[in-house]
Amino acid sequence: RIQGTHTRLSDDFARTARPGPPCCIHSMEAAPGVRTVGELELLSFIQNEVADERGLLIDARMANWYRSETLPGAVNVPFIIFTNDSERRKRLLGMLGVTRGADGSQNFSDAIELMLFCNGPWCDQSPRAIAGLIGAGYPPEKLHYYRGGMQAWKSFGLTTGLPENNTVEKASRD
């Protein structure tokens, strides 16, 4: 946690006025069956599921946002990858533990747990990624939504940083 008493929010995270759609306040529930979490649950997810490689923290924002700063341990998978049925999404689902049967059916029993976030309650990037995952068959009970996003995280003075080449988007292209 940043201990400086003069630390202030800056840029988009300090704005209180935003234009209409797509920048609106979003529901607490990204989708039925998806657990919405707060900061302590997110920290626990990082310390347990991410550390034990049973989960992945996904920054669902576009790459330019991710490159400017992100949460510790986050990988970037821009929401747009999840929103269409493409070979790229199929490869990515495979990286997340989804297997395909000979008949083309998908098996999600070994799919890892995912925690998704974006810029905050006014941003629709992680809810759109979650909708895309569910549309692809990903089990909602394996998805978690940090609704507060970067705005809440920064407002609490929690640690952020620059990414360390953790871009799943690039790996899914290779």
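Counting from 1, the numbers follow the sequence of the chain as shown. All values reported here derive from a predicted model rather than from experimental measurement. Below, each value reflects all heavy atoms present in this structure, side chains not excepted, and no hydrogens, waters or symmetry copies.
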4.5 Å side-chain heavy-atom contact, Trp153 and Leu42: yes
On a heavy-atom basis, the closest approach of Leu93 and Ala136 is CD1-CB, 4.0 Å
Compare all side-chain heavy atoms of Met62 with those of Phe79 and state whether any distance is below 4.5 angstrom. yes
Yes or no on side-chain contact (heavy atoms from CB on, under 4.5 Å) for Ile58 and Phe82, after CA distance, side-chain angles and deciding distance? CA-CA 12 Å; Ile58 295 179; Phe82 295 116; 4.3 Å; yes
With side chains defined as the heavy atoms from C-beta onward, is the minimum distance between Leu158 and Glu39 less than 4.5 Å? yes
Can you tell me if Glu53 has over 12 outside heavy atoms packed within less than 6.0 Å of its CD? no
Gap between atom OG of Ser44 and atom CD of Glu49 - 0.5 Å precision: 6.0 Å
Got a donor-acceptor contact below 3.5 angstrom from the Asn76 side chain to the Asp59 backbone? yes
Steps toward side chain to side chain donor-acceptor pair (under 3.5 Å) verdict (Trp65, Gln125): CA-CA 11 Å; Trp65 282 99; Gln125 294 175 81; 5.3 Å; no
Taking only residues two or more places apart in sequence, or in another chain, which ones meet Asp52 in a salt bridge (charged side-chain N to carboxylate O under 4.0 Å, His left out)? Arg54
Heavy-atom check, side chain of Asp85 versus side chain of Lys90, under 4.5 Å: yes
Steps toward side-chain contact (heavy atoms from CB on, under 4.5 Å) verdict (Arg35, Glu141): CA-CA 7 Å; Arg35 183 173 175 224; Glu141 63 273 8; over 6 Å; no
Any residue meeting side-chain contact (heavy atoms from CB on, under 4.5 Å) with Val50, in chain and number order, not counting sequence neighbours: Phe45, Leu57
Side chain to side chain donor-acceptor pair (under 3.5 Å) evaluation trace for Arg61 with Asn119: CA-CA 7 Å; Arg61 301 175 302 158; Asn119 282 318; 3.0 Å; yes
Output yes when a side-chain donor or acceptor of Thr83 lies under 3.5 Å from a complementary backbone atom of Ile80, and no otherwise. yes
Taking Glu29 first and then Arg147, would you say they form a salt bridge - that is, a charged N and a carboxylate O separated by under 4.0 Å? no
Check whether any side-chain heavy atom of Val77 lies under 4.5 Å from a side-chain heavy atom of Leu92, and answer yes or no. yes
Okay, side chain of Lys154, backbone of Thr160: is any donor-acceptor separation there less than 3.5 Å? no
Where do Val37 and Tyr146 come nearest, in terms of heavy atoms and distance? O-CD1, 3.5 Å
From the options Thr36, Leu116, Leu114, select the one residue that forms a side-chain contact (heavy atoms from CB on, under 4.5 Å) with Tyr145. Thr36
